[in-house]
Amino acid sequence: MSLQLYNSLTNQMESFDSIEPGKVRLYSCGPTVYDFAHIGNFRSFLFGDLLRRTLELFDYQVHHVMNITDVGHMVEGETDKMSEAANRMKENKKSGRVPEGAIEDPNDPYQIADYYTQAFLEDARKLQYKIAFEYPDNVPKATDYIDGMQKMISRLIDRDHAYVAEDGVVYFSVESFPRYGELSGNTLEKLQSGAGGRVSDENQSRKRHPADFMLWKPDQHHVMKWDSPWGVGYPGWHIECSVMAGQLLGQDGIDIHTGGEDLIFPHHECEIAQSCCANGSDHFARYWIHARFLMVEGEKMSKSKGNFFTARDVFTGVATGSQVHPAVLRYELIKSHYRANMNFTKKGLEDSAGVVQRMLDFESRLERETGGEVAEVDRSHPLLAKFSAALANDLNISEALAEVIPWIRQEHPDPRESLAVWRAVNSVLGITDEENEAADSDPIFEQVQQWGDEMKDARSRKDWDASDAARQKILDAGYEVQLVKDGSVVIKKSLA
RNA sequence: GGCGCUGUGGCCGAGUGGCUUAGGCACAGGUUUGCAAAACCUGGUACGCGGGUUCGAUUCCCGCCGGCGCCUCCA
């Protein structure tokens, strides 16, 4: 069975073949670390994770790399993102969102970048984003690759694909790369007319073509700056991914490159141009796969609408009013097809919580029945065959889940086989894991347990009023109560 | 204006030229239960609008309307 993927480069479905048999080189555009990552970022990242896990299910050995962008790129020529982050950090410290003492000096961009990098990794691990467990090896930081960027820029200049403009800025010459526009469907003429009045005239006049993009900008005053053959300054945004992908995954091209749909142009278009021209190769990535945007309650997520949520806003209950288990957020963010807009809602989260609870219960039941012993299964097992066929169809997760959920409800006469099947399914879904369950401890849990005991005692006396009162206290604390036939009371924390 | 994606029942969300027409949540009825919850069983409601092709279209074609992204900050 071959994996079918929708390639943004050709705008059609294609059978996946890797450059090296059995191995996949996968690159995902990662977060900028000027602030906490939001749920839209994680939708895109978790799509990359789902792709990686699916490839692994199909027995590929996947080398996945994702960058961390920690260079403070310029905004509007005035402020840069690191300075903005420093200001925000000072506010966040005041409001308590960032604990006092978390950062010694908010004016040190490296401290800010490091703080948000660690925060990102923490969130990503809770969400079972596999690559976050491979930091730092497969999660490179842009500022560690300045030297490589400079070498690539030099090579582009040597090959006449880049030039130093009269103001000292190094630009990539899009006219030197006829295929520029291949990914986004743009042409240089259209770009020229589309640019309109957005870009200041002074800047444009120094470029050979309006679409030429910056590779290095000399700027003594920039908050993060490095020495270079073109003066002290900082690199352009696009060059870092070309360099890190090349150094970590090899110069002879990568198999799959992923990112959010907004990165198609200009970012990925520019990566292709730089990489192909610097390496003298025809291909950079053979498959480009882009995830669509996330909406919140039917609207675009934006700070001004107040529907802009970070992952930790969701975990802690800031977003919806109740705490959300990371597995529920993960499920919510992966449950719909990556090429469809997804609508993030409180109701959706509650739905997801129900499914996740069912999965957790199912797994613990099988663990109990088998003592953790599993049978041998492979992908020819009926459920796994259907599950993987669905995923092979451009990661059709909805269809895959539509097979799994009814299967869970079925009778499971051979729990050891079912557990093995479940583990294979879960290796892709990433729902249950020991780490999150262990992290579930709650200071009021002992109190809740005590109410549970009260309820059990009251029930044995048939004192229904006392039983109901105890149950209400448990429910109010955000827990759910289940009665078992033998008279015991099982208490579970609500997942969302 | 250009490029690309998209519109399915109360909600989320697959899929298909006709066949038993996903799955989840919610809702209704039932089993169970002190009452709930959970679990299990049963049930109803679809394919943006207008044309065309066809014996037959939600599915193909054309047009229209709506939503989303990009067109040098953006997952």
Side-chain angles (χ1 to χ4, degrees), chain A residues 6 8 11 28-32 34 37-48 69 73-76 79-81 84 174 181 183-187 189-196 198-199 203-204 207 210-214 236-238 258-270 290-295 298-301 331-332 335-345 347-355 357-358 361 390 393 396-407 409 459 462-465 467-468 471-472 474-475 480-485 490 492:
Chain A
Y6 185 90
S8 303
N11 284 323
S28 297
C29 279
T32 52
Y34 318 126
H38 57 72
I39 53 177
N41 299 129
F42 276 111
R43 194 279 226 261
S44 166
F45 299 146
L46 289 178
F47 142 70
T69 297
H73 295 288
M74 295 298 279
V75 179
E76 301 292 319
T79 56
D80 64 77
K81 292 201 168 172
E84 284 182 356
V174 294
L183 176 68
S184 57
N186 284 313
T187 64
E189 296 74 54
K190 283 178 194 160
L191 286 172
Q192 198 149 13
S193 57
R198 293 172 186 233
V199 185
N203 250 334
Q204 289 300 353
K207 297 196 214 170
D212 287 355
F213 55 91
M214 187 187 99
W237 169 41
H238 314 303
T258 70
E261 61 174 326
D262 58 329
L263 294 182
I264 294 173
F265 192 88
H267 186 54
H268 288 163
E269 196 75 75
C270 296
H290 293 99
R292 298 193 58 74
F293 262 42
L294 172 105
M295 318 272 286
E299 290 191 293
K300 260 190 264 195
M301 184 165 73
Y331 184 88
E332 176 68 12
K335 78 178 181 188
S336 56
H337 188 82
Y338 73 91
R339 232 153 21 79
N341 275 129
M342 87 157 288
N343 190 15
F344 180 88
T345 61
K347 184 169 183 301
L349 219 42
E350 286 163 2
D351 287 1
S352 293
V355 177
Q357 185 64 61
R358 188 183 282 272
D361 288 347
N393 179 21
N396 192 335
I397 184 77
S398 304
E399 195 185 323
L401 290 169
E403 299 294 347
V404 171
I405 297 168
W407 173 77
R409 309 174 90 124
R459 287 178 54 74
K462 295 199 191 292
D463 181 349
W464 308 128
D465 286 345
S467 167
D468 290 349
R471 174 163 59 198
Q472 195 54 49
I474 296 167
L475 295 177
E480 284 165 18
V481 181
Q482 283 181 29
L483 299 181
V484 186
K485 279 185 193 134
V490 176
K492 286 179 188 162

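This is a predicted model, so every value here is computed, not measured. Residue numbering restarts at 1 for every chain, and letters A, B, ... go by the order of the sequence lines. Both backbone and side-chain heavy atoms feed into the values below; hydrogens, waters and symmetry mates do not.
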With a 3.5 Å distance limit and no angle check, can you tell me whether [X] reaches the backbone of [Y] through a side-chain donor-acceptor pair?
X	Y	answer
A:Q482	A:V490	no
A:S352	A:G348	yes
A:Y338	A:R292	no

Side chain of [X]: nearest nucleotide among [options]?
X	options	answer
A:N396	B:rA39, B:rA14, B:rC68	B:rA14
A:S398	B:rG13, B:rG4, B:rA75	B:rG13
A:Q482	B:rG4, B:rA38, B:rC12	B:rA38
A:R292	B:rC25, B:rG4, B:rA22	B:rG4
A:D262	B:rA37, B:rA75, B:rA14	B:rA75

Suppose we screen for salt bridge (Lys or Arg N to Asp or Glu O under 4.0 Å). Which residues come up paired with [X], at least two apart in sequence or across chains?
X	value
A:D262	none
A:R339	A:D394
A:E332	A:K335
A:K300	none

Taking only the [atom1] atom of each, what is the distance from [N] to [M] in whole angstrom?
N	M	atom1	value
B:rC3	B:rC61	C1'	22 Å
B:rC70	B:rA75	P	11 Å
B:rC55	B:rC49	P	25 Å
B:rG51	B:rG15	P	28 Å
B:rU53	B:rG17	C1'	12 Å
B:rG29	B:rA36	P	12 Å
B:rA57	B:rG48	C1'	16 Å
B:rA26	B:rC11	P	15 Å

5′-ward residue of the pair A:Y331/A:K300 relative to RNA chain B: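 The residue mapped nearer the 5' terminus is A:Y331.
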
First encountered from the 5' end of RNA chain B, between A:G40 and A:F213: A:F213

Residues in ring-ring contact (aromatic ring centres under 6.0 Å, His included) contact with A:H290, at least two apart in sequence or another chain: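 Once residues adjacent in sequence are excluded, the partners of A:H290 under the ring-ring contact (aromatic ring centres under 6.0 Å, His included) criterion are A:H268.
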
For A:F213, all residues meeting ring-ring contact (aromatic ring centres under 6.0 Å, His included), sequence neighbours excluded: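 ring-ring contact (aromatic ring centres under 6.0 Å, His included) list for A:F213, sorted by chain: A:F172, A:H238.
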
Non-hydrogen side-chain atoms of A:W464 and A:R459 separated by less than 4.5 Å: yes

Point-to-point distance, once rounded to the nearest 0.5 Å, from SG of A:C270 to CG of A:L263: 11.0 Å

Separation between NE2 of A:H337 and OH of A:Y6, rounded to the nearest 0.5 Å: 10.0 Å

Phosphate-side-chain proximity, [X] and [N], N/O vs OP1/OP2 below 4.0 Å:
X	N	answer
A:K335	B:rC25	no
A:Y6	B:rC5	yes
A:N341	B:rC68	no

Please report the distance, rounded to the nearest Å, between [atom1] in [X] and [atom2] in [N].
X	N	atom1	atom2	answer
A:I264	B:rG69	CD1	C1'	8 Å
A:E261	B:rC71	CD	P	11 Å
A:R43	B:rC68	CZ	C1'	12 Å
A:H337	B:rG15	NE2	C1'	13 Å
A:E269	B:rG4	CD	P	13 Å
A:H290	B:rC71	NE2	P	13 Å
A:F265	B:rC71	CZ	C1'	6 Å
A:M295	B:rC12	CE	P	11 Å

Distance-only donor-acceptor test, A:R339 side-chain atoms vs B:rC5 base atoms, 3.5 Å: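 Per atom types, no contact qualifies.
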
Sugar-phosphate only, base, or nothing, as touched by A:I397 at under 4.0 Å among non-hydrogen atoms: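 If one applies the 4.0 Å heavy-atom cut-off, A:I397 turns out to touch nothing in the nucleic acid.
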
Sugar-phosphate, base or nothing in reach of A:G348, heavy atoms under 4.0 Å: nothing

Identify the pairs formed between an N or O of the protein and an N or O of nucleotides 26-29 of chain B at a distance under 3.5 Å, and give each distance.
none

Dot-bracket encoding of pairs in RNA chain B, which uses [ ] for pseudoknotted crossings and | for another strand, Watson-Crick or G-U under 3.5 angstrom: (((((((..(((.....[....))).(((((.......)))))....(((((..]....))))))))))))....

Collect all protein-nucleotide pairs involving nucleotides 32-35 of chain B in which both atoms are nitrogen or oxygen and the distance is under 3.5 Å.
| from | atom 1 | to | atom 2 | distance (Å) |
| --- | --- | --- | --- | --- |
| B:rG34 | N7 | A:R459 | NH1 | 3.2 |
| B:rG34 | O6 | A:R459 | NH1 | 3.2 |
| B:rG34 | O6 | A:S467 | OG | 3.3 |
| B:rG34 | N1 | A:D468 | OD1 | 3.1 |
| B:rG34 | N2 | A:D468 | OD2 | 3.0 |
| B:rC35 | O2 | A:R471 | NH2 | 2.7 |
| B:rC35 | N3 | A:R471 | NH1 | 3.1 |
| B:rC35 | N3 | A:R471 | NH2 | 2.9 |

Donor + acceptor pair across side chains of A:Q472, A:D468 (<3.5 Å):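 Their side chains do not contain a donor-acceptor pair, so the 3.5 Å distance test is not met.
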
At a cut-off of 3.5 Å, list every protein nitrogen or oxygen paired with a nitrogen or oxygen from nucleotides 43-46 of chain B, distance to 0.1 Å.
none

Whether A:F45 stacks on the six-membered ring of B:rA75 base, 5.5 Å and 30° limits: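 One would not call A:F45 stacked on the B:rA75 base.
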
Electrostatic pair A:K492:A:E480 at N-O distance under 4.0 angstrom: no

Those residues that, when tested against A:N393, pass side-chain contact (heavy atoms from CB on, under 4.5 Å) (two or more places apart):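 Testing A:N393 for side-chain contact (heavy atoms from CB on, under 4.5 Å), a comparison that skips the adjacent residues, returns A:M13, A:N396, A:E399.
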
Which residues share a side-chain contact (heavy atoms from CB on, under 4.5 Å) with A:R409, sequence neighbours left out: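 A:R358.
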
From A:S44, A:S8, A:S28, residue fulfilling side chain to side chain contact (heavy atoms under 4.5 Å, CB included) relative to A:T258: A:S28

